[in-house]
Amino acid sequence: MSRKVVIVGGGIAGLTLAERLTASERDIDVTVLERENSPGGLARTFSREGFLFDIGPHRFHTSDPLVSDYLLDILGDDHVTISRSSNVYMAGKYRSWPLSLRSVAGLPLPVLFRSFLDIFRYDVSDELRTFADHVISKYGRNIYDYFFRDYTEKFTGCRADELHLDWAEAGVNRAVIDKNVKADDLMSLLKGLLIPKPVSTRFYYTSTGGIQTFCDRQAKRITKSGGALICGCTVTGLEMKLGRVTGVRTRGMGTFESDQVYWSAPVSLLFPDAGFRFMDTLVCNIALSREQQNDYQWCYFGQKEILFSRLTVPRNFRKDTVPEGCDSLIAEITIDSKEMRSRPESLKNRLFSDLASVDALRLEDVIFADWKVIPETYPLYDLEYRDRLDGLGVPSGLTLLGRCGSFWYNNMDHSIGQALAMAEGREFEKDFWKD
Ligand SMILES: Cc1cc2nc3c(=O)[nH]c(=O)nc-3n(C[C@H](O)[C@H](O)[C@H](O)COP(=O)(O)OP(=O)(O)OC[C@H]3O[C@@H](n4cnc5c(N)ncnc54)[C@H](O)[C@@H]3O)c2cc1C
């Protein structure tokens with residue numbers, strides 16, 4: 001009898017695991033159950049009238065050769081290599097990100113002066129617990145006050161001193177620093193600004209469609225090798241016998257028996273009382289009839305008075321993500337109220353006026369604006385999150401994986417790496433800094 005494996009969630013982690021298991025010689029019967037109508041999870045792409053919109057900026061970037069080989073195996077020639085071009089909007093101007101000497105030189109003088117003095121004012125406390133402790137100890141209070149605190153509080157909806165320091169390890173390090181350039185404290189940041197080292201900022205993107213092309217190719221391979229991918233299937237819980245998981249229950253599609261369940265849907269669904277929290281994001285996909293002036297792929301906006309936290313320009317990933325001569329924008333907004341979730345269109349006027357105020361678009365060029373509520377985009381690392389994870393009693397027959405399943409602020413390459421290791425029965429270290 002073949003072994004029955006059920007994978008909950010057809011995002012990149014679930015698909016990678018399913019693709020590897022079905023490709024193996026082992027006698028395994030693999031079924032992937034996915035809530036949405038198409039695979040991909042957070043790496044999905046929406047399309048309308050010739051415009052393609054990923055869920056915010058999505059790029060493949062990894063230094064893990066196993067992941068890199070796997071990416072290229074799935075994509076074949078269907079990929080392009082692109083240089084990163086990201087910005088941050090600070091003091092009323094677009095500046096390159098990670099910060100360069102030129103963009104830092106343009107910051108207000110009092111901020112520059114106070115930040116410089118912080119180099120000599122190191123007060124590293126004994127115990128670093130919070131995001132705020134970590135960033136202040138690395139970059140000084142002034143840079144923290146000037147940028148990191150507001151951006152993080154706006155983005156997460158939580159106070160920066162109530163977030164675990166892992167949020168900084170995972171989020172800030174990955175966004176700010178290229179692994180090869182040491183810039184993880186104020187002094188090395190300054191050195192890096194004065195004597196910049198060459199860095200490889202090149203990343204992979206698909207050469208057709210959006211980022212979901214990768215997942216569609218995985219899905220094709222899974223079904224070709226005899227696996228099943230069932231979309232539009234919401235899993236509601238687990239079947240248990242004598243303390244062991246024996247299947248998964250679904251809404252309206254019955255129960256799927258299993259010898260082993262891999263769970264990449266939110267862990268909070270399995271352990272509702274454990275207190276795990278996720279961020280939900282509202283994205284507005286905007287089609288524009290003419291090219292605008294935005295020369296970045298994505299840009300961060302830390303100002304609390306601006307509605308969105310990040311803008312993405314798909315054209316700067318690949319020109320044919322928009323019809324010829326057109327342009328588009330993806331605005332990401334953290335959901336912080338019921339109203340935002342149920343009536344996102346009510347934000348339209350404010351969004352457009354904020355976009356115009358930072359010269360991101362000309363209002364007369366807007367063709368359409370599509371609002372999407374994307375649930376569980378980021379796990380929220382409060383101060384107790386590690387205890388919560390350590391205290392989980394995961395029953396036999398169940399393995400947690402992926403961003404939401406293992407409550408991990410990861411990237412696509414991390415989800416792939418974790419799933420590859422699982423398929424091969426290898427240990428995989430959840431290293432926040434493995435990029
Ligand atoms: C705005 C944004 C930008 C990002 N940019 C990048 C980037 O540039 N580079 C990068 O590498 N990564 C990026 N990421 C991260 C990347 O998207 C994720 O790390 C990766 O896609 C996670 O894949 P996953 O399979 O682990 O999880 P998910 O994609 O969350 O997959 C989980 C799946 O489970 C399904 N599911 C949930 N509940 C149920 C249920 N009850 N029943 C059945 N199915 C269910 C979901 O629909 C989903 O398909 C970004 C993420 C976001 C939100």
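Order of appearance sets the numbers: ligands from 1, and atoms from 1 within every ligand. Start at 1 with the first residue, then count along the sequence.
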[X], portion touching ligand 1 at heavy-atom distance under 4.0 Å:
{"X": "L269", "value": "side chain"}
{"X": "F60", "value": "neither"}
{"X": "A13", "value": "both"}
{"X": "R310", "value": "side chain"}
{"X": "E376", "value": "neither"}

Find all atoms of ligand 1 within a distance of less than 4.0 Å from any non-hydrogen atom belonging to [X], and give their numbers and elements.
{"X": "E36", "value": "47 (O)"}
{"X": "C233", "value": "42 (N), 43 (C)"}
{"X": "T234", "value": "41 (N), 42 (N)"}
{"X": "I12", "value": "23 (O), 25 (O)"}
{"X": "L33", "value": "43 (C), 44 (N)"}
{"X": "P266", "value": "37 (C), 38 (N)"}

Would you say R217's side chain and I74's backbone share a donor-acceptor pair under 3.5 angstrom?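 Looks like yes, one N/O pair under 3.5 Å.
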Option with minimal heavy-atom separation from atom 4 (C) of ligand 1, where the choices are G56, A419, P57: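 Nearest option to atom 4 (C) of ligand 1, by heavy atoms: P57.
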Does T377 reach ligand 1 with a nitrogen or oxygen that is under 3.5 Å from one of the ligand's nitrogen or oxygen atoms?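 N/O-N/O distance below 3.5 Å does not exist for this pair.
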Short N or O distance, S415 and ligand 1, threshold 3.5 Å exclusive: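 N/O-N/O distance below 3.5 Å exists for this pair.
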[X] vs [Y] aromatic rings, parallel, tilted or perpendicular, using cut-offs 30° and 60°?
{"X": "W408", "Y": "H414", "result": "tilted"}
{"X": "W298", "Y": "F203", "result": "tilted"}
{"X": "Y381", "Y": "F407", "result": "tilted"}
{"X": "Y409", "Y": "Y378", "result": "perpendicular"}

Do you know which two heavy atoms are closest between A219 and L229, and how far apart they sit?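 Between these two residues, the closest heavy atoms are CB-CD2, 3.6 Å.
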So is Y378 close enough to ligand 1, meaning a heavy atom under 4.0 angstrom away?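 The answer is yes, since Y378 has a heavy atom less than 4.0 Å from ligand 1.
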So is G405 in contact with ligand 1, going by heavy-atom distances below 4.0 Å?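 The answer is no, since G405 has no heavy atom less than 4.0 Å from ligand 1.
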Looking only at protein heavy atoms, identify the closest one to [atom] and say how far it is in Å.
{"atom": "atom 11 (O) of ligand 1", "value": "M412 N, 2.8 Å"}
{"atom": "atom 45 (C) of ligand 1", "value": "R35 CB, 3.5 Å"}
{"atom": "atom 36 (N) of ligand 1", "value": "A265 CB, 3.9 Å"}
{"atom": "atom 48 (C) of ligand 1", "value": "E34 OE1, 3.5 Å"}

Charged tip of R48 within 45° of F368 ring normal and under 6.0 Å: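 Output yes; distance and angle both within limits.
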Does some side-chain heavy atom of W263 sit less than 4.5 Å from a side-chain heavy atom of L238?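 Yes, at least one pair of side-chain atoms sits under 4.5 Å.
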Tell me which pairs pass salt bridge (charged side-chain N to carboxylate O under 4.0 Å, His left out) where either residue lies in residues 152-164, with sequence neighbours left out.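 Residue pairs with at least one partner in residues 152-164: E153-K304, R159-D161, R159-E162.
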List in chain and number order the residues that pass side-chain hydrogen bond (donor to acceptor under 3.5 Å, both in side chains) with T399, two or more places apart in sequence or in another chain; answer none if no residue qualifies.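 Here the qualifying residues are Q260.
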Residue from Y70, F214, F317 passing ring-ring contact (aromatic ring centres under 6.0 Å, His included) with F60: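 With F60 as partner, ring-ring contact (aromatic ring centres under 6.0 Å, His included) holds for just one option, F214.
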